[in-house]
Amino acid sequence: MILFSRRNLHYSDYKWSNYAANDPHVNGKPDETSFNKEEGNEVVYLINKLMILWDYRFANTGNKMEKLIHDKLPDDVNQQAAVLIWIKENLKF
């Protein structure tokens, strides 16, 4: 289920690399896989995973996550699971 897509992104300065369908950067559960906040496919993937995990249904929630990742994610938070924890601690409504 896709709740958030490339067209929902607020920022347009992402890189768009090609990934194999089963690449852990864009598939599976958020884990210790590295995360690149400048890579649009990884950002969209992670936002979708978190929206499904936390049962968020509105694109504007995805935009809040995107803005946090884009503007405030510390450079040392660079694994998917760590980003998940950081967003959970910093997402405010």
Side-chain angles (χ1 to χ4, degrees):
M1 171 189 327
I2 301 291
L3 301 172
F4 192 84
S5 69
R6 182 176 180 167
R7 73 173 189 269
N8 298 115
L9 290 170
H10 176 76
Y11 298 99
S12 60
D13 60 346
Y14 296 106
K15 294 180 234 168
W16 295 95
S17 302
N18 291 322
Y19 289 91
N22 62 348
D23 190 305
H25 289 98
V26 294
N27 189 18
K29 292 170 37 174
D31 57 17
E32 303 307 314
T33 301
S34 64
F35 178 77
N36 180 356
K37 70 180 187 177
E38 296 175 357
E39 177 57 56
N41 291 308
E42 292 186 37
V43 172
V44 169
Y45 155 76
L46 194 60
I47 289 171
N48 268 302
K49 284 298 182 180
L50 299 182
M51 289 181 70
I52 291 166
L53 179 66
W54 297 331
D55 199 30
Y56 294 140
R57 301 279 178 210
F58 301 104
N60 66 340
T61 303
N63 288 120
K64 288 180 182 184
M65 290 183 201
E66 179 198 8
K67 287 178 183 180
L68 270 177
I69 292 167
H70 188 277
D71 296 341
K72 298 185 179 180
L73 184 69
D75 289 338
D76 63 338
V77 179
N78 54 17
Q79 293 180 334
Q80 293 171 351
V83 175
L84 180 151
I85 293 166
W86 185 86
I87 289 175
K88 190 172 189 175
E89 292 172 350
N90 290 279
L91 185 63
K92 308 284 188 251
F93 290 97

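Only this structure's heavy atoms are used, side chains among them; waters, hydrogens and symmetry mates stay out.
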* After noting the C-alpha distance and the side-chain angles of D71 and Y11, does the key distance pass the side chain to side chain donor-acceptor pair (under 3.5 Å) rule? -> CA-CA 10 Å; D71 296 341; Y11 298 99; 2.6 Å; yes
Roughly how far apart are [X] [atom1] and [Y] [atom2], rounded to 0.5 Å?
X	Y	atom1	atom2	result
T61	I47	OG1	CD1	10.5 Å
F35	W86	CZ	CH2	10.5 Å
L73	I87	CG	CD1	7.0 Å

Are the side chain of [X] and the backbone of [Y] linked by a donor-acceptor contact shorter than 3.5 Å?
X	Y	value
N27	A21	yes
N48	F4	yes
E32	A81	no
K49	K29	no
Q80	P24	yes
N41	S17	yes
N8	S5	yes

* Measure across I69 and K37 and return the closest heavy-atom pair with its distance rounded to 0.1 Å. =>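 Residues I69 and K37, closest heavy atoms: O-CD, 3.4 Å.
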* With the threshold set at 4.0 Å, does a side-chain nitrogen-carboxylate oxygen contact exist between E39 and K15? ->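 No, this pair does not count.
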* Side-chain donor-acceptor pair present, E42, Y14, cut-off under 3.5 Å ->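 On atom types as modelled, these side chains do not qualify, holding no pair under 3.5 Å.
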* Return yes if a side-chain donor-acceptor contact under 3.5 Å exists between H25 and N36, otherwise no. =>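 Not at all, the side chains of H25 and N36 share no donor-acceptor pair under 3.5 Å.
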* Asked: Taking side chain as C-beta onward, heavy atoms only, is M51 less than 4.5 Å from F58?
  ->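 A side-chain contact is absent here, since even the closest heavy-atom pair is not under 4.5 Å.
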